[in-house]
Amino acid sequence: MRTYRRHTGTAIAFALSLVAQTADAAVTVNILQPSNTIIDGGTVPVRVAASSPEDIYYVEAEFEGLTIELAPTGDGYFEGAFDLGELGGDLPYGPYVVTVNAYSTFGEAASDQGTVHQYAPPIIAWNVLPHEALTADKRFDAKCIPTPPYECTSLAATFRSDEGGGYTLFAERDWPYPQPVPGRLYVKEGAYGYSGAIPSGRTYTLTIEASDRVGPTITKTIGPIHVDRSPRLTVVQRAPGSILDFDATRFLFVDSYRRLGISDRNTQQVTWIETIPEWAGPLSATYGALTPSGSVHQSPTGYILSWVDGVRRQISSVNNAPRLDAVNGDTVVWTAYGDDRAFAHSLSTGTNRSLWHVPGSRSPFQADVSASGDIFFGTYEGASIVGPGNALLGDHAGNLQRPIADGTNVVGRWWDGMTSSSYLYTADGEEVFLGDSLTNTSAGLLAHAGYAAFLKSDGEVNQVWLRTPDGEQHPISDFPTSSQFDQAKLRVGHDGLSDTGEVLFLNDGKRYIGRPGGAPENISTSLGHARWVDGSWHVAIGNTLFQVSSPEVAVARLAAPGIGAFAPAEGLGERHELSTSFAEDAVLDSTVWARDLHEPDAMPALDDGSLLLGDVDEDTGADIAPAGAGCSTSGPAGSTGGVAALAAALAGLALARRGRARP
C-alpha cells in the first residue's frame with residue numbers, strides 16, 4: 001500500500017461522475033457526500049447510499065491504493081473517511097478516482113466512481129490599484145493564472161460608475177480569440193477582440209471574477225478607479241494613496257487602509273499622521289492641506305488635527321463641533337458650535353484667538369487667509385467683508401459669501417436670492433463691480449497675482465471673465481451652458497489662475513484653460529482637481545499627479561495607432577504597485593501586476609494626551625495653551641504689501657454704499 005503525507009494548505013474537492021457498474025441490478029450504490037464541495041482539512045469524507053432486496057453485507061471505498069470500510073449509519077447510508085496523513089509524499093494537483101463497492105449477503109455487487117481533486121484555486125492579477133487613474137498611457141490588464149493541470153474557464157472585469165452603466169471585459173475558455181498562454185485567460189483593453197477603451201471621465205468600482213469550474217468563483221472588488229484618457233495629461237508621479245493636497249516636494253494623502261500620511265516626493269518616505277477608524281464614516285469626509293511645518297486636516301472622527309514639525313496636535317475636539325474653514329502658511333481658521341464661533345489658530349505656537357462670536361448665527365462663516373496671515377471673512381449677519389483691524393469692505397444687500405485675498409486685491413460676492421454680485425477691492429480701497437452671475441455658489445471667484453476671474457451672466461448662462469492687474473476685463477468663455485471654477489475645500493478661490501492670467505475652469509464635464517483673445521483649450525475631463533504649481537498646470541486625480549502637456553504632445557498621442565500602442569508612463573517604478581513576477585508574461589508586456597494588497601505597516605505610536613494641544617475651553621471659549629510649540633517656516637510665496645496697504649487704508653472705515661460702476 002502506498003502512503004502519502006498530507007499536503008498542507010490545499011483544498012480537496014469532489015466532482016461526481018456517476019459511472020455506475022452493477023453486477024446485479026438488485027444492488028444499487030450512489031455517492032452522496034461530498035458533492036462538488038471543497039474540503040478544508042486532512043480527510044476525504046465519503047457518504048453513500050446502498051440498497052438491495054437482501055441485506056447489504058459490506059461497503060468499501062478505494063482511493064490511491066487505500067481501501068477503507070464504510071460503516072452503516074442506518075436507513076441504507078454508509079460513511080467513512082480517508083486520512084490523507086496515511087499517504088506518503090505530496091499528492092500532485094489533479095483529479096483522482098474514488099471507487100465505492102457495495103456487496104449483498106448473496107454476493108451481488110454494485111460500484112460507483114467519483115472524482116477527487118487535489119486543488120488550489122487560480123490566482124487573479126491586475127494592474128491598477130485603488131485610487132489610481134487609468135490614463136492615456138496606461139490601459140487595463142487582468143489575468144487568471146490556474147493551478148495546473150486545471151485551466152481558467154472564465155474571466156470578467158467589470159467597471160461600474162455611480163452615474164450608472166458600466167463596461168465589461170470578458171474572456172472564456174471557448175472564446176473565439178486566441179489566448180497567449182495555454183490554460184490562462186487574459187483581458188486587456190484594445191486586445192483579444194476588444195476594440196474600445198473604458199469610457200473616460202468617470203470614477204468606477206472594479207469587480208474581477210474568475211473561475212476554473214472546480215472551486216467557487218473568485219471575486220475581487222477594487223476601487224475607486226478613475227479613468228481620464230485626456231491626451232494633454234502626462235503622468236508625473238503616483239502617491240501612496242488618494243491625494244488631498246500637494247506641493248513641489250510633498251503629497252498629503254489617505255490610502256486604502258484609511259491611513260493619512262505625508263509622502264516626500266523625492267525619497268518616497270512616508271510620515272503617518274492618523275488612522276481613521278471604520279466607524280468614523282467615509283473617507284470622503286476627510287480633507288486637509290499641507291503647511292510649511294506639516295499639515296492640518298479635518299478628520300471624520302470630528303477632530304481638527306495638525307502635524308507640526310513631527311508633533312501631532314489637536315486643534316479642536318469633537319465636543320466643539322468644529323469645521324476647518326481656511327488654511328495658509330502658519331494660520332488656520334476654524335469654526336465651532338455650528339459656526340456660532342470662529343477662531344484663528346497659529347500652528348507655530350499652538351494657540352487660538354477668537355475672530356467672531358454670534359450665538360444662534362444663521363451663517364455659514366467663510367474666511368480666507370492671505371500669504372501674510374491676514375484674515376478676511378464674511379457672514380450672513382454682516383453686509384461687509386471684515387479684514388485686519390476690523391476694516392470693512394463693501395456694504396451690499398444679500399448674503400455675503402466667501403471673500404478671497406491674493407495679497408494684492410480682495411474679492412467678494414453677495415447673493416440676493418436671484419443673482420450673485422461680485423466686487424473687487426484694490427489696495428487703495430477702490431471698489432470695482434465685476435458682474436452678476438445666475439448662481440448662488442460661493443465658489444464663483446478667483447484671485448491670484450493681481451488677476452481676478454469671475455462668473456458673469458450673459459442673460460442665459462454664466463460665462464468666465466478675467467480682470468487683469470491693469471483693470472481691463474476680458475471674456476474667457478462663450479459656451480451654451482454655464483461654466484464654473486475648479487474649486488476644492490481649503491483652496492477655494494486660489495487654484496484656477498496662473499501667474500500670467502490663464503484661467504482654468506469647467507464646462508459640461510470637461511476642464512479648460514482660457515486666455516484673453518483666444519478660444520479655451522480642453523485639457524482633460526473634470527475629474528480630480530487642477531492647480532498652478534511651479535510654473536505649470538497640474539491635475540491630481542486619485543493617487544495620480546499629472547502635468548498638463550503642450551498641444552504638440554497631445555497631437556502626437558492622438559496620432560498613435562489606437563490604445564494598443566500606449567506605452568507605460570515614464571518614471572513609474574515598481575514601488576507604486578504591488579507586483580508579482582510571472583515569467584510567461586513575456587509574450588504580453590512589462591506591466592507591473594497587482595494582487596491581493598498586503599496588510600498595512602504598523603502606524604507609529606501617537607500620544608493622544610500630551611501631544612494633542614491647542615484646544616479651546618468648551619465653557620469659556622478661552623485658549624488652552626500648549627505645553628510646547630513647534631516652529632514654522634514662511635508661507636507660500638506671494639506679495640504681502642498689497643494687503644497691508646489695504647488694511648491701513650481701510651482700518652476703522654466702512655465703505656459707504658455706492659452705485660455700481662458698470663464696465
Side-chain angles (χ1 to χ4, degrees), residues 1-23 25 27-51 56 58-73 76-103 109-124 144-155 172-174 182-185 209-219:
M1 178 183 298
R2 292 184 297 160
T3 59
Y4 293 85
R5 67 179 177 83
R6 176 182 174 184
H7 187 87
T8 305
T10 62
I12 308 295
F14 270 110
L16 297 181
S17 63
L18 301 180
V19 183
Q21 297 178 353
T22 60
V27 178
T28 61
V29 60
N30 293 288
I31 298 177
L32 300 177
Q33 184 187 6
S35 177
N36 291 322
T37 58
I38 292 181
I39 300 171
D40 185 12
T43 63
V44 178
V46 181
R47 187 170 189 262
V48 303
S51 63
I56 293 294
Y58 183 78
V59 180
E60 66 179 7
E62 298 177 355
F63 170 64
E64 285 299 290
L66 294 178
T67 301
I68 60 173
E69 180 180 356
L70 304 182
T73 61
Y77 296 102
F78 297 80
E79 293 181 350
F82 291 101
D83 184 355
L84 297 182
E86 297 181 11
L87 299 177
D90 292 331
L91 186 65
Y93 293 122
Y96 298 86
V97 174
V98 175
T99 301
V100 176
N101 299 302
Y103 303 92
S111 66
D112 192 14
Q113 288 186 333
T115 302
V116 181
H117 296 271
Q118 177 78 343
Y119 172 76
I123 296 170
I124 56 175
C144 175
I145 306 120
T147 302
Y150 301 105
E151 295 184 339
C152 294
T153 56
S154 65
L155 175 65
E172 287 185 318
R173 177 51 46 201
D174 55 357
R184 296 188 178 191
L185 287 178
E209 297 177 296
S211 175
D212 60 6
R213 295 181 186 166
V214 176
T217 298
I218 298 174
T219 301

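Since the model is a prediction, treat every value here as computed from it, not as a measurement.
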Using salt bridge (Lys or Arg N to Asp or Glu O under 4.0 Å) as the criterion, list what pairs up with E79, not counting sequence neighbours.
R47

Which residues pass the side-chain contact (heavy atoms from CB on, under 4.5 Å) test with [X], not counting sequence neighbours?
X: T153; answer: S211, R213
X: E60; answer: Y58, E62, T67, N101, Y103
X: P149; answer: Y93, P95

Measure the shortest side-chain to side-chain distance between P146 and D212 over non-hydrogen atoms and say whether it is less than 4.5 angstrom.
no

Does some side-chain heavy atom of L70 sit less than 4.5 Å from a side-chain heavy atom of V46?
yes

Tell me the closest heavy-atom pair linking [X] and [Y], and the distance in Å.
X: T28; Y: S51; result: OG1-OG, 2.8 Å
X: V59; Y: A50; result: CG2-CB, 4.3 Å
X: D112; Y: N30; result: OD2-CA, 3.5 Å
X: S154; Y: L185; result: N-CD1, 3.3 Å
X: G114; Y: I31; result: N-CD1, 3.8 Å
X: I124; Y: A210; result: CG2-CB, 3.2 Å

Does E151 offer a backbone N or O that forms a donor-acceptor pair with the side chain of R184 under 3.5 Å?
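Between the backbone of E151 and the side chain of R184 there is no qualifying donor-acceptor contact (under 3.5 Å).
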
Backbone N or O of A120 within a donor-acceptor pair of the T147 side chain at under 3.5 Å?
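The answer is yes, because a donor-acceptor pair under 3.5 Å joins these two groups.
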
Euclidean distance, T43 OG1 relative to E86 CD, rounded to 0.5 Å:
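With rounding to 0.5 Å, CD (E86) is 11.5 Å from OG1 (T43).
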
Rounded to the nearest 0.5 Å, how far apart are CD of Q118 and CG of L84?
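Between Q118 CD and L84 CG, I get 7.5 Å after rounding to 0.5 Å.
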
side-chain hydrogen bond (donor to acceptor under 3.5 Å, both in side chains) with T99: which residues, sequence neighbours excluded?
Q113

Pairing residues for Y150 by the side-chain hydrogen bond (donor to acceptor under 3.5 Å, both in side chains) criterion, not counting sequence neighbours
H117

Taking atom OH of Y96 as the centre, does the number of heavy atoms from other residues, nucleotides or ligands within less than 6.0 Å exceed 12?
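It does: Y96 OH has more than 12 such atoms within range.
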
For F82, ring-ring contact (aromatic ring centres under 6.0 Å, His included) partners two or more places apart:
F63

